[in-house]
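Taking it in order: structure first as structure tokens, then the write-up.
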Number of protein chains: 2
Amino acid sequence: MRAMAEQTSKHTHVLIIEDQHLMRLALIHELQAALPASIVHGAANITIALDLLETHQFDLVVIDPGLPGYDPKSQDDRFDVVQVVIELSPDAIHFVVTGSDTDEEWEHCQKLGVVGYLAKNNIRPGALVDVLQEVAERGHSVRLSNETTAPPEFYHSGLTPREQEILGWMRQRPSGISRKEIYEQLGDRFDIDAASAEKYYKRARAKLLKTGLLPKGL
Amino acid sequence: MRAMAEQTSKHTHVLIIEDQHLMRLALIHELQAALPASIVHGAANITIALDLLETHQFDLVVIDPGLPGYDPKSQDDRFDVVQVVIELSPDAIHFVVTGSDTDEEWEHCQKLGVVGYLAKNNIRPGALVDVLQEVAERGHSVRLSNETTAPPEFYHSGLTPREQEILGWMRQRPSGISRKEIYEQLGDRFDIDAASAEKYYKRARAKLLKTGLLPKGL
DNA sequence: AAAAATAGGGACAACCCTGTCCCTATTTTG
DNA sequence: CAAAATAGGGACAGGGTTGTCCCTATTTTT
């Protein structure tokens with residue numbers, strides 16, 4: 001009865017269980033970007049999560065087992081959360097997202113029915129698209145902790161998102177690659193004209209110059 | 001020499017040291033919202049952080065001591081990170097952000113010179129404004145882990161940010177409070193007309209109805 | 001020296017979001 | 001019953017972002 005409205009919908013229903021507010025919102029944002037026609041619910045603790053699981057039907061549930069009220073050092077407690085959630089949403093696929101990942105935990109989670117196991121420090125913006133695709137192809141996707149060699153980031157309040165984005169890519173330009181080539185790559189990646197990418201970069205550069213700030217690599 | 005360009009600027013220079021990409025980006029976003037004229041740098045690991053600290057002067061440094069390469073269970077390792085960063089930016093104020101906070105850690109950090117100690121599950125969007133203000137007034141600000149009674153969240157891809165926001169508030173309406181009163185509160189809070197808030201709510205509602213989805217509380 | 005790349009702009013249309021104002025039924029409350 | 005609250009709209013201006021196209025100097029590469 002209550003589920004009728006949900007099931008007639010063509011949207012993907014997602015539930016994010018994560019106690020860190022900013023992380024939960026970021027994951028919600030990532031999921032919405034990865035699944036254009038989606039409805040994403042967020043739960044900050046297990047009580048809310050269980051309530052939502054009883055009243056809604058989900059296609060994808062993302063779980064951070066490190067919730068308050070459970071001993072973060074107790075593996076049993078962590079698995080309990082995962083197990084309960086899976087039992088309440090048997091038709092969904094389940095991801096685990098954690099700040100302290102281990103190989104053993106992934107193996108145990110997999111036995112419980114988890115198909116995605118992601119370390120928080122290995123989730124970059126846009127990465128969930130790849131994860132979802134890998135799950136669709138291989139049945140599961142694992143991204144353990146990984147000390148990345150990410151370049152330093154630079155955010156100026158006067159720049160638009162596009163300008164930030166283009167600038168970020170341009171700052172990673174390897175030596176030997178001309179800017180023009182980057183413009184073409186960016187144009188390809190964002191499905192815009194290379195000339196537009198060039199324009200954004202130049203405008204971003206102009207703004208930074210006006211305020212007297214330019215990162216080293218121009 | 002190299003610091004000249006930075007110091008002549010009227011912007012607030014911020015550095016975020018945090019290995020979880022989504023969390024780092026969220027913190028960057030929060031800081032930019034809290035400090036309108038700011039330049040925010042992000043570092044995903046201690047190497048990048050040290051590099052930035054040597055080449056830039058910062059007014060505020062936010063540190064997550066749980067970086068890869070350090071033993072997360074070792075208190076000494078966590079303090080080492082904080083101490084090194086503070087020594088390299090003696091003129092800045094320092095915040096520690098952590099997923100596993102303890103009272104003792106805060107006390108130790110305070111001795112090292114930290115003035116803000118924040119549990120990740122107690123940082124909500126917009127909270128940094130209050131934290132910064134409290135630091136300015138009292139000299140420090142502490143927000144330990146806190147199991148909040150946050151309401152469930154609901155995000156629909158077709159809604160604009162404003163609509164999401166207004167809808168979120170409306171869903172928390174206590175019984176006995178009329179919608180009209182909420183409109184007025186929202187108008188006051190966002191500095192818009194109550195009628196506009198009403199308009200956003202109605203439009204959000206209409207969108208959800210069209211797709212056949214409405215959370216329980218309308 | 002010639003060609004390519006780069007810096008630094010301007011103009012413009014399209015689009016979305018925001019915010020305000022206004023309208024009419026219907027339902028709920030006092 | 002009368003008044004207030006609510007549902008469900010339309011119109012419109014202003015602002016910012018996006019994306020495209022076009023322009024001229026200057027610098028670097030070949």
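So that the names make sense, note that chain A is the first sequence line, chain B the second, and so on, each numbered from 1.
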Exercise for the section: May I ask you to decide if the ring planes of B:Trp169 and B:Phe190 are parallel, tilted or perpendicular, using 30° and 60° as cut-offs? Expected result: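 B:Trp169 and B:Phe190: perpendicular rings.
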
Practice task
Give the ring-plane orientation class for A:Phe154 versus B:His41, where under 30° counts as parallel, over 60° as perpendicular and anything between as tilted.
Solution key: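 Rings of A:Phe154 and B:His41: perpendicular, as their planes differ by over 60°.
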
Fill in the blank from the handout: Heavy-atom contacts, protein to nucleotides 7-22 of chain C, under 4.0 Å, summarised as B (base), S (sugar-phosphate only) or - (none) per nt, yield BBBB------SBBBS-

Completion exercise
Protein heavy-atom contacts under 4.0 Å, written 5' to 3' over nucleotides 25-30 of chain C as B (base), S (sugar-phosphate only) or - (none), form the string ------

How far does [atom1] of [X] sit from [atom2] of [Y], to the nearest 0.5 angstrom?
{"X": "A:Asp59", "Y": "A:His11", "atom1": "CG", "atom2": "NE2", "answer": "11.5 Å"}
{"X": "B:Arg173", "Y": "B:Gln185", "atom1": "CZ", "atom2": "CD", "answer": "11.5 Å"}
{"X": "B:Asn122", "Y": "A:Leu22", "atom1": "CG", "atom2": "CG", "answer": "10.5 Å"}
{"X": "B:Ile39", "Y": "A:Leu159", "atom1": "CD1", "atom2": "CG", "answer": "9.5 Å"}

Would you mind reading off the distance between [X] atom [atom1] and [N] atom [atom2], rounded to a whole angstrom?
{"X": "A:Met170", "N": "C:dA5", "atom1": "CE", "atom2": "C1'", "answer": "12 Å"}
{"X": "A:Leu186", "N": "D:dT20", "atom1": "CG", "atom2": "P", "answer": "13 Å"}
{"X": "A:Ile182", "N": "C:dA5", "atom1": "CD1", "atom2": "P", "answer": "13 Å"}

Exercise for the section: Could you pull out the closest heavy-atom pair between B:Gln32 and B:Ser38, with the gap in Å? Expected result: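 Closest approach of B:Gln32 to B:Ser38, heavy atoms only: CA-OG, 3.7 Å.
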
Practice task
Provide the closest heavy-atom pair for B:Cys109 versus B:Tyr117 in the form atom of the first, atom of the second, distance.
Solution key: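 Minimum heavy-atom contact is SG-CE1, 4.3 Å.
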
Exercise for the section: State, without any angle test, whether B:Ser196 and B:Arg162 hold a side-chain donor-acceptor pair at a distance under 3.5 Å. Expected result: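 No donor-acceptor contact under 3.5 Å links the two side chains.
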
Practice task
In plain terms, say whether B:Lys120 and B:Glu18 are close enough for a salt bridge, that is, a side-chain N and a carboxylate O under 4.0 Å apart.
Solution key: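 Between B:Glu18 and B:Lys120 there is a salt bridge, with a charged N closer than 4.0 Å to a carboxylate O.
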
Problem - Watson-Crick or G-U stems of DNA chain C, 3 or more pairs, under 3.5 Å, by first number - result: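 Result, WC/G-U stems under 3.5 Å: C:1-30 with D:1-30.
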
